[in-house]
Each structure stands twice: as structure tokens, then as C-alpha cells.
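Accompanying notes for the structure given below.
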Amino acid sequence: MEEEQKKSHKGVIVLVIVLVALAALYVLGIIYFNHHFYPRTTVNGVDVSLDDASAAADQIDASAESYILTITDRDGRVNYIKGKDIDYSVDSFTGVQQALTQQHPLIWIYDIFQVHSQTVEMTADYDEAKLSDAIDALDCLQEENIVAPQDAYIGEKDGTYQIIEEVAGSQPDKDKLTEDIRTAISTRTERLDLDDSDYVSPSVLSTDETLQKKLDVLNTYASMTVTYDTWNGTAEVLDSNTIMSWLTVNDDMSVTIDQDKVNAYVLTLAQKYNTSGSTRDFNTTTAGTIQIGGGDYGWIVDKEAEAAQLTADIQNGESVERAPCYSQKGFTDDADIGNTYIELDYTSQHLWYYNNGTLVFESDFVSGNMSQNNGSPDGVFKIISKQKDVTLKGEGYSSPVTYFMPFAYNVGLHDASWRSSFGGSIYQTDGSHGCINLPYDIAEQIYNVVDIGAPVIGYYETEVQLTNVNSQMSNAYSYKAQ
């Protein structure tokens with residue numbers, strides 16, 4: 001019995017010794033790992049297992065020259081920045097001390113079986129100029145490898161207006177790239193994979209709500225046309241592509257129309273369809289086809305009114321078919337001179353009146369006195385008015401007439417009761433002050449049948465130079481300034 005008690009006492013003593021030893025080992029571990037790293041610990045990629053702060057820092061600092069930063073760009077190209085090429089050195093002691101404080105010595109028995117990796121800030125030093133050169137040499141910064149990003153935009157594709165997707169491009173954001181490289185070097189990071197944040201991005205994406213709203217607005221114009229029914233029967237079409245090129249959709253979805261482009265288009269329209277004052281081919285009764293210009297007869301597009309109407313049409317966003325706005329029209333709706341007109345051949349001193357292509361009557365006349373520089377104006381004019389029982393007055397004359405039909409300023413057709421003969425060469429030396437002197441019955445017939453606005457075509461078969469004031473004021477074809 002006594003022997004068994006001794007054995008039991010010895011067992012208790014052994015257990016106490018073991019426990020004390022374990023407790024001592026545990027305390028020693030706490031003390032040790034307060035100042036040393038756990039096994040299988042790396043700091044900034046360097047194995048510092050069981051090192052104290054000073055030894056670990058020495059290892060990290062000593063490995064700076066062999067440091068290599070591997071940079072992979074977004075296109076998969078790999079470049080390297082070597083520590084020795086940029087005179088790289090580090091002072092990691094402060095960071096290592098801080099890393100050591102992150103350990104939990106109270107549970108060292110558990111932690112020593114784990115893998116530990118820490119990244120700490122270090123005081124890195126390198127040659128700024130050499131680092132800048134190394135960055136400039138990166139493949140992603142070479143001009144031949146850079147594609148600028150393109151914003152998404154609205155354009156024509158497959159015959160319709162669509163949002164054309166943005167192009168990401170491959171243009172690095174050098175400031176951001178440099179910042180990331182500096183951070184990697186400062187923390188002795190060994191690998192840097194460039195991501196989208198390191199590149200310049202398009203500022204407008206295809207998913208942009210504002211862009212989609214603008215597309216919706218523009219689509220209202222995508223099929224819009226303005227079709228002009230012109231005087232000569234031509235259908236002049238202003239297509240949707242042209243209209244769209246004039247438009248800007250503002251951020252508030254309102255549409256601004258480029259007025260300069262509208263005005264330029266209207267000017268082109270006027271140049272194409274205006275006939276007043278232009279040179280025309282005219283098939284005379286006896287002198288063949290001639291070219292005659294000047295005068296004030298013909299079609300004139302009202303540019304200001306047309307620009308305003310066209311702007312309003314575009315703002316409405318609906319196709320429209322209409323005639324251009326004219327400030328002056330021809331005598332008939334579908335022709336320039338047409339086939340109802342008065343023809344005056346000053347050379348033969350003969351008049352013809354045609355109505356719808358049929359000769360109604362003809363007559364000799366006396367026109368302006370050529371020897372006194374009062375030649376009647378040639379050109380294409382129109383009957384301005386019809387006046388009865390008026391007195392024509394001028395310098396040194398006063399002539400009462402029954403029928404007066406002015407067509408070029410104050411030059412007109414009228415009866416001339418003071419004359420006993422007409423035609424021939426009378427006009428050369430005994431002509432009028434510019435008016436067309438007619439036999440009374442012819443003047444009466446014209447007065448009774450001709451309409452205001454009817455064309456009057458006057459011409460010389462031979463070249464003349466008119467210098468009188470009447471010709472100047474009437475925009476005569478042969479007028480020459482003295």
C-alpha cells in the first residue's frame with residue numbers, strides 16, 4: 001500500500017514537471033515570437049522565417065539590387081524594370097517592425113504551422129530619371145502600339161442611324177501607369193498586371209442613356225425629306241442624310257439646326273431655279289434662236305422666306321412636298337417665258353403677240369431713237385401695269401396717250417397718234433425716248449388682251465450698246481456704262 005502511494009506521488013510530480021515545462025516552452029515561444037517571425041513567413045517576397053526585425057530588414061534591403069518588376073500590359077506584352085537599372089535600394093526596417101507587430105504570439109503554437117505573407121511599405125530610393133526612361137521604354141507606350149480610344153457616336157450603318165460602339169483603343173494613361181509602377185516599386189511588388197484603369201477610356205459609351213435619347217430624337221428625322229415641286233417640273237429632293245448633317249441634338253434633347261447650312265442650301269436652290277435676269281435661249285419668230293438676258297422677268301426664290309419655311313419644316317420633323325417660296329413667279333406656273341408673250345424685234349421694228357403659242361396679231365412699231373442714245377432696252381421684261389388716258393412727260397416733251405403699258409422702268413408700249421407711219425428705219429433718227437410707239441388699234445388690242453405680268457421680250461439682231469438711263473434702270477441686256 002505504501003509502495004503504491006509512492007508511485008502515485010511520483011506520477012503527480014512527473015505530470016507537474018511536464019506541465020511546467022510546457023508552460024515554460026509556451027512562455028518562451030511568446031517571448032521569442034514577439035521579436036521573431038514565424039516559420040514560413042515572407043515579407044515583400046523575401047523569406048524571413050525566424051528572423052528578427054533587423055535580420056529580416058537586412059535580407060530585404062540586400063535583395064533590392066536583384067529586384068525585378070514584371071509588367072504585363074492589357075495586350076499581353078511583358079516588360080521588366082530591373083532594380084539594378086534604376087539604382088534601386090530600400091530601407092524596410094520600419095515596415096518590417098510593423099509587420100512583426102501583426103503577429104499574435106499568444107497563439108504561436110497554432111500559427112507556426114501556417115503560411116504567412118505580408119507586404120509592407122518601405123522607403124524606396126531610385127534614380128528618378130532612370131525610372132522615367134524605363135517607363136518610356138515600355139512597349140505599351142510606343143507610338144506604333146497606341147490606338148486612341150473612340151467615343152461611341154451616332155452614325156449611319158446599313159442604311160439606318162445607329163449607335164456606333166466605342167473603341168477601347170490601347171492608349172495608356174501615363175500618369176496613372178506611372179503612379180502604379182511607383183507604388184509597386186515602393187512596396188517591392190514583383191508583378192504588375194495593367195488593367196483598364198491604366199488606360200485612357202472612351203468618355204462616351206454605347207450604353208450612355210443620353211446617347212440613346214439623342215438617337216431616338218434623330219430617328220424622327222431619319223426618313224424625312226423635303227421635296228420641292230419646282231416651276232420647271234423637276235422634283236428637287238432634300239434628303240434625310242443632308243438634313244441630319246445640319247442637326248445637333250443638345251443635352252436637353254432639343255434640336256439645333258445649323259442655319260448657315262440651311263442658308264447655303266437655299267442659295268444653291270435659288271441659283272438653280274432663279275431665271276430673272278439670266279441669259280436664255282429664245283426662239284424668235286424670224287431671227288432664229290438667240291440668247292437674250294437682262295430684264296426683270298422670271299422666277300426668283302425668296303431666300304429669306306424659304307430659309308424660314310425650311311427651318312420650320314425640319315423642326316416639325318415630318319416629310320413635306322411643296323413649291324419653293326418665291327418672291328416673283330413666271331407668268332405661267334410650269335414655265336419660264338412660256339408661250340404667251342409679246343415679242344419685240346428692235347432691228348426689224350416688228351411686234352408679235354402670242355397667246356398659248358398662237359399668233360394673235362402683229363404690227364410694226366417705232367422704238368427708241370438710236371442716234372440720240374435712246375435705244376429701247378433689250379431683255380426679258382413683264383407688263384408692269386395697264387394705264388389709260390395718261391400724259392407721258394420727260395425732258396422737253398409731253399405726250400398724251402390713250403393706252404400705256406410700261407414694262408421696263410418707265411419704258412412701255414403705247415399708242416402714238418402723232419405718227420403716220422411705223423417700222424422700217426424710222427427709229428434710227430426719229431425714234432422715241434425709249435417707249436414702243438404703236439398704231440392706235442394695235443395698242444388698243446394689246447391693252448384689251450394682255451395681262452399684267454405677261455412676258456415682253458425685246459432684242460436687237462445686231463450688237464448694240466445702250467447707254468441711256470432707261471436701259472440702266474431696266475437692267476437691259478446691252479446696257480454699257482459710259
Side-chain angles (χ1 to χ4, degrees), residues 282 284-287 290 292-297 341-353 361-387 389-447 450 455-482:
F282 177 70
T284 69
T285 301
T286 61
I290 63 170
I292 184 69
D296 59 359
Y297 173 85
Y341 54 85
I342 295 172
E343 178 183 348
L344 303 173
D345 185 336
Y346 294 134
T347 302
S348 66
Q349 293 286 283
H350 202 75
L351 171 151
W352 296 266
Y353 173 65
F361 52 78
E362 58 183 300
S363 172
D364 288 335
F365 60 79
V366 176
S367 62
N369 190 327
M370 297 298 286
S371 66
Q372 297 295 320
N373 292 326
N374 286 327
S376 299
D378 59 341
V380 183
F381 305 96
K382 60 181 178 294
I383 297 296
I384 300 171
S385 65
K386 293 165 51 173
Q387 305 172 33
D389 299 325
V390 298
T391 299
L392 306 179
K393 296 181 180 181
E395 186 176 347
Y397 72 92
S398 177
S399 304
V401 299
T402 303
Y403 305 103
F404 181 52
M405 293 152 282
F407 62 85
Y409 185 48
N410 59 357
V411 172
L413 302 153
H414 64 76
D415 54 291
S417 59
W418 57 89
R419 290 190 184 277
S420 58
S421 62
F422 299 86
S425 60
I426 298 171
Y427 77 105
Q428 293 284 358
T429 58
D430 190 26
S432 70
H433 290 86
C435 286
I436 312 304
N437 292 178
L438 295 166
Y440 183 90
D441 61 332
I442 296 298
E444 182 181 28
Q445 288 183 66
I446 295 176
Y447 187 90
V450 74
V456 177
I457 302 96
Y459 58 89
Y460 295 88
E461 294 181 30
T462 58
E463 184 177 353
V464 298
Q465 288 193 355
L466 306 176
T467 59
N468 55 317
V469 174
N470 283 335
S471 295
Q472 177 186 10
M473 296 300 293
S474 62
N475 186 30
Y477 184 59
S478 298
Y479 172 76
K480 302 293 181 182
Q482 289 182 312

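Between the side chain of S425 and the backbone N or O of Q428 there is no donor-acceptor pair closer than 3.5 Å. Judged purely by atom type and a 3.5 angstrom limit, Y346 uses its side chain to pair as donor or acceptor with the backbone of P377. In this structure, K386 contributes its side chain and Y447 its backbone to a donor-acceptor pair below 3.5 Å. Side chain of T467 to backbone of K480: no donor-acceptor contact under 3.5 angstrom is found. D378 contributes a side-chain N or O that, together with a main-chain N or O of Y477, makes up a donor-acceptor pair within less than 3.5 Å.
L413 is listed as a side-chain neighbour of I383, based on a closest heavy-atom distance under 4.5 Å. No side-chain heavy atom of N475 sits less than 4.5 Å from a side-chain heavy atom of D296. With contacts defined as side-chain heavy-atom distances shorter than 4.5 Å, the pair Q445/L438 does not qualify. No side-chain heavy atom of T284 sits less than 4.5 Å from a side-chain heavy atom of D345.
F404 and V390 make their closest contact through CB-CG2, 3.7 Å (heavy atoms, listed as atom of the first residue, atom of the second, distance). The two residues G458 and I292 come nearest to each other via the heavy atoms O-CD1, 3.6 Å. Counting all heavy atoms, side chain and backbone alike, L466 lies closest to S376 at CD1-O, 3.4 Å. Contact record, G423 with Q349: CA-CB, 3.8 Å, taken as the closest heavy-atom pair. Shortest non-hydrogen contact noted between I436 and L344 is CG1-CD1, 4.0 Å. Closest approach of H414 to V401, counting heavy atoms only: ND1-CG1, 3.6 Å.
For the atom pair CD1 of I384 and OH of Y297, the computed distance is 14.0 Å after rounding to the nearest 0.5 Å. With rounding to the nearest 0.5 Å, the separation of CE in M405 from CG in D415 is 7.5 Å. Between the NZ atom of K382 and the CD1 atom of I342 there is a distance of 13.5 Å, given to the nearest 0.5 Å. Here the CD atom belonging to Q372 is positioned 9.5 Å from the OG1 atom belonging to T429, to the nearest 0.5 angstrom. To the nearest 0.5 angstrom, N470 atom CG is 4.5 Å from N410 atom CG. To the nearest 0.5 Å, the span separating NE2 on H350 from OG on S363 amounts to 7.0 Å.
Between F282 and Y341, a ring centre-to-centre spacing shorter than 6.0 Å is recorded.
The one candidate from T285, L351, T286 that meets the side chain to side chain contact (heavy atoms under 4.5 Å, CB included) condition with E343 is T285. Results of the side chain to side chain contact (heavy atoms under 4.5 Å, CB included) test with Y459 over V464, T347, V380, I290 single out I290 as the only residue that passes.
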Criterion side-chain contact (heavy atoms from CB on, under 4.5 Å) on F422 and N437, from CA distance to verdict: CA-CA 8 Å; F422 299 86; N437 292 178; 4.2 Å; yes

Full working for side-chain contact (heavy atoms from CB on, under 4.5 Å) between R419 and D430: CA-CA 11 Å; R419 290 190 184 277; D430 190 26; 3.8 Å; yes

Working for side-chain contact (heavy atoms from CB on, under 4.5 Å), residues F381 and S474: CA-CA 9 Å; F381 305 96; S474 62; 3.8 Å; yes

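Sorted by first then second residue, the salt bridge (charged side-chain N to carboxylate O under 4.0 Å, His left out) pairs that include residues 456-468, not counting sequence neighbours, number zero. Counting only residues at least two apart or on different chains, the ring pair (Phe, Tyr, Trp, His ring centres under 6.0 Å) pairs with a member in residues 423-442 are Y397-H433, Y403-Y440.
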